[in-house]
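Residue numbers start at 1 and run along the sequence shown. These values consider heavy atoms only, across backbone and side chains, with no hydrogens, waters or symmetry-generated copies. Just so you know, ligand 1 is whichever comes first in the structure, and atom 1 is the first atom listed for that ligand.
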Amino acid sequence: MHDLLTAAEYTAIAKSMSYPSSAFIDGAFRPAQSGKTFKTTNPATGEVLTEIAACDSADVDFAVAKAKGAFEDGRWHLRSPGERKEVLLKFARLLERNRHELAVLESLDSGKPIREVQTIDVPDTIHTIRWHAELIDKIYDNTAPVGSNALTLVVREPIGVVGLVLPWNFPLLMLAWKIGPALAAGCSVVVKPAQETTLTALKVAELAHEAGVPAGVFNVVTGSGKDVGEPLGMHMDVSMVSFTGSTATGRRFLRYAADSNLKRVVLECGGKNPAVVMNDVEDLDLVAEQVVNGAFWNMGENCSATSRLIVHAEVKDELLKRIGAYMREWRMGDPLNPKNRIGSLVSKAHFEKVKSYLETVEAEKLSLLFGGDTREGNFVEPTVVDGVGRDSRLFQEEIFGPVLSVTTFNSLSEAITLANDTVYGLTASVYTGSLRNAIKLSREIRAGVVTVNCFGEGDATTPFGGYKESGFGGRDKSIWAHDQYTELKTIWIDVSDRSVDETVR
Ligand code: NAP
Ligand code: MG
């Protein structure tokens, strides 16, 4: 499946690879104007991979000026839809050709298991670019029903220069979710990857350029949130920011917009996603498999991770037994070995944060069912904790690690109350054999994505984003994502007899 290589082959690629280390602005790799750099490490080994340009507001100004110039002269958005589609399809083919190298770069930089990167992140990234490319010459504008005295066109135009601020948990895929629709819509982009995981964004920008995306249209400015993210958020020539990351940083972008040019802001933030399991489920094995996947995929470093199991008292013991059995299939170890499904957490700092939640188990006298240990190299065992009440930190706070909390209910209404009882509303999954229960739960859980009898985020055709403090202003993926990188324009053309007469006279 998806041509996985062996551990030895991946290690050979890693040894022979060179790392990008400069920002990519106006079609070329460039050091920071200050000459400063920061180190990027492999969290599983502590090894420094390379030093990367530590950009600041001067570099942001330069990149935005180049992006604005490229937008204003129309070198991208004024090309025909068919031509832009061909360029992005070529870009997708180049990503495909470089898929093994991209997977290794991503795994080394983030600690993500190569097995998941190669079979999910990389193919989904390529599919996302292709899907948005294919959309370019299939979207129609509208006319409005204004009668015979006028012709009114309602058209979409690219919004302009867009800042894309990314998290470290799915560096390639979050990049694709944003550049796919932004480039398809005709925007110029300035990407700010997370400092922890910068390498693949640089490689992708280089490949886009090679495919024919013109200079200035796709820029990557590397550096910290403070030095690059904030100047981008505050920039007067940036028309929109699309952000994925923590709710706390997301709030800042709303303030930046208010304090600068009222740029459009789209936020994809945290989640505390429930899996609700009713006592009428038909196949507890399927539920166990899906819950384990939802909770531990990408080490739980996933905004849509299943982090709360809300289970009916009658099926709880049997389900937990089967969850324990499925967890044994999730081997932990060297991220570059495709046999392993649990890699290392992204950084020492994040590892310490997740560890502090493991300490809560004892402090709150909760019951540790599985896991709970940590290992050198920022590894955390998949962990399941029972008896978690609504007031517990484990119930309320986003952990972003492989920790599943278990809470029991006895009635449908209690399950809905529990599912909705956090500030978040990103995703939820519900498991039931009853159509009536499935519909009631899907309608009453306040989340942007609800899956029934499975864990997932939909596919490229479905919007992704959150209710409540999980999101703001829009969605990633699908045609709705495309639309949000555009402005809506009304063109009113007077064709009344009066105007014709006046022209003739
Ligand atoms: P974060 O601080 O929100 O980082 C997301 C992006 O925003 C990064 O590129 C970051 O840059 C940038 N940023 C940070 N501070 C900024 C500022 N003051 N102004 C402008 N941009 C800024 O998230 P994190 O520190 O990586 O992780 C913190 C928590 O966020 C995690 O533990 C997790 O709970 C959550 N998280 C959620 C998602 C998600 O997909 N929903 C993804 C990642 C993290 P630098 O990091 O390079 O400085
Ligand atoms: Mg790194």
Side-chain angles (χ1 to χ4, degrees), residues 23 38-40 43 52-57 60 109-110 112 121 163-175 177-178 190-199 201 220-235 238 241-257 259-260 263 265-273 297-305 307 345-357 378 380 393 396-403 422-427 448-449 457 464-466 468-472 476:
F38 66 91
K39 294 184 172 71
T40 192
I52 294 177
C55 296
D56 60 25
S57 61
V60 171
D109 206 7
S110 67
K112 288 161 75 84
D121 302 46
L164 304 174
V165 181
L166 305 178
W168 43 254
N169 60 335
F170 288 94
L172 270 173
L173 195 53
M174 295 304 101
L175 175 70
W177 281 13
K178 296 186 193 296
V190 179
V191 177
K192 190 222 123 19
Q195 262 190 300
E196 306 289 359
T197 53
T198 296
L199 297 175
V220 180
V221 182
T222 51
S224 72
K226 186 91 199 72
D227 291 337
V228 176
E230 179 169 345
L232 204 50
M234 289 294 294
H235 210 291
V238 172
V241 165
S242 177
F243 164 86
T244 297
S246 63
T247 298
T249 308
R251 283 181 209 283
R252 286 177 184 266
F253 278 94
L254 292 174
R255 294 199 190 99
Y256 299 152
D259 291 343
S260 57
K263 59 179 61 62
V265 176
V266 173
L267 306 176
E268 299 297 348
C269 300
K272 191 67 194 173
N273 315 294
W297 174 44
N298 206 45
M299 293 74 71
E301 291 174 332
N302 177 9
C303 49
S304 61
S307 61
L345 297 194
V346 73
S347 65
K348 180 84 184 145
H350 187 58
F351 170 80
E352 293 299 337
K353 181 184 154 190
V354 173
K355 223 169 106 182
S356 80
Y357 285 100
N378 303 314
V380 175
R393 287 180 69 207
Q396 295 292 342
E397 295 175 20
E398 186 183 44
I399 300 170
F400 234 59
V403 182
T422 76
V423 297
Y424 296 110
L426 190 52
T427 69
V449 178
E457 304 175 343
F464 179 85
K468 293 154 73 179
E469 293 181 30
S470 287
F472 178 89
D476 282 324

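- Nearest non-hydrogen protein atom to atom 19 (N) of ligand 1 is Y256 OH, 2.7 Å.
- Considering only non-hydrogen protein atoms, atom 43 (C) of ligand 1 sits nearest to P167 CB, 3.4 Å.
- Close approach of ligand 1 to C303 (heavy-atom distance below 4.0 Å) involves ligand atoms 39 (C), 40 (O), 41 (N).
- A donor-acceptor contact shorter than 3.5 Å links the side chain of K263 to the backbone of H235.
- Between E196 and ligand 1, no pair of N/O atoms sits closer than 3.5 Å.
- Between K353 and ligand 1 there is a heavy-atom distance shorter than 4.0 Å.
- Comparing heavy-atom distances from atom 7 (O) of ligand 1 across F170, Y424, F38, F243 singles out F243 as nearest.
- The number of heavy-atom neighbours closer than 6.0 Å to NZ of K39, taken from other residues, nucleotides and ligands shown, is 12 or below.
- At most 12 non-hydrogen atoms from other residues, nucleotides or ligands lie less than 6.0 angstrom from CZ of F472.
- The nearest protein atom to atom 15 (N) of ligand 1, hydrogens excluded, is given as T249 CG2, 3.8 Å; this is a heavy-atom distance.
- Ligand 1 has at least one atom lying under 4.0 Å from a heavy atom of G223.
- F400 CZ, 3.3 Å is the protein heavy atom nearest to atom 37 (C) of ligand 1.
- Side-chain atoms of N298 never come within 3.5 Å of backbone atoms of K112 as a donor-acceptor pair (strictly under, hydrogens ignored).
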**Report entry** Worked check of ring-ring contact (aromatic ring centres under 6.0 Å, His included) between F464 and W177
**Finding:** CA-CA 10 Å; F464 179 85; W177 281 13; 5.1 Å; yes
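- Residue G225 has at least one N or O atom closer than 3.5 Å to an N or O atom of ligand 1.
- If you check each of A194, G270, C269, S347 against atom 41 (N) of ligand 1, the one with the closest non-hydrogen atom is C269.
- Looking at atom 9 (O) of ligand 1, its nearest protein heavy atom turns out to be L166 O, 2.8 Å.
- Looking at heavy atoms from C-beta onward, L175 lies out of side-chain contact with P193 at the 4.5 angstrom threshold.
- Under a 4.0 Å criterion applied to the non-hydrogen atoms of K192, ligand 1 contributes the atoms 9 (O), 10 (C), 11 (O), 12 (C), 45 (P), 47 (O).
- Taking every heavy atom of both residues into account, G425 and S470 meet most closely at N-OG, 2.9 Å.
- Close contacts between ligand 1 and T244 involve ligand atoms 5 (C), 39 (C), 40 (O) [criterion: under 4.0 Å to a heavy atom].
- Panel note: side chain K192, backbone V221; no donor-acceptor pair is recorded below 3.5 Å.
- Residues E469 and T247 bring no donor and acceptor atom of their side chains to less than 3.5 Å of each other.
- Of all the atoms in ligand 1, the ones that sit under 4.0 Å from a non-hydrogen atom of E398 are 33 (C), 34 (O), 35 (C).
- Under the 3.5 Å distance criterion, the side-chain polar atoms of E398 are matched with a main-chain donor or acceptor of G271.
- In this structure the side chain of T198 never reaches within 4.5 angstrom of the side chain of T40, judged on heavy atoms.
- Between S246 and ligand 1, a contact under 3.5 Å exists for at least one N or O pair.
- Using a 4.0 Å cut-off between heavy atoms, E301 makes no contact with ligand 1 at all.
- Side chains of E301 and H350 form a contact here, defined as non-hydrogen atoms less than 4.5 Å apart.
- Not one N or O on the side chain of K226 forms a donor-acceptor pair closer than 3.5 Å with the backbone of D56.
- Near F253, meaning under 4.0 Å from any of its heavy atoms, are these atoms of ligand 1: 20 (C), 21 (N).
- Applying the 4.0 Å criterion to heavy atoms of N169 picks out, from ligand 1, the atoms 40 (O), 42 (C).
- Counting only heavy atoms of the protein, atom 47 (O) of ligand 1 lies nearest to Q195 N, 2.7 Å.
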Requested in this report: Test side chain to side chain contact (heavy atoms under 4.5 Å, CB included) on C269 and F243 and set out the steps.
Outcome: CA-CA 8 Å; C269 300; F243 164 86; 4.3 Å; yes
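- Counting protein heavy atoms under 4.0 angstrom from atom 4 (O) of ligand 1 gives zero.
- Taking every non-hydrogen atom of H350 and a distance limit under 4.0 Å, the qualifying atoms of ligand 1 come out as 32 (O).
- Not close to ligand 1: G233, with no non-hydrogen atom less than 4.0 angstrom away.
- Among the candidates T249, V228, V241, the single residue satisfying the side chain to side chain contact (heavy atoms under 4.5 Å, CB included) test with V165 is V241.
- Atoms of ligand 1 found under 4.0 Å from any heavy atom of W168, numbered from 1 in the order shown, are 24 (P), 26 (O), 27 (O).
- Considering backbone and side-chain atoms alike, K226 places every N or O at 3.5 Å or more from each N or O of ligand 1.
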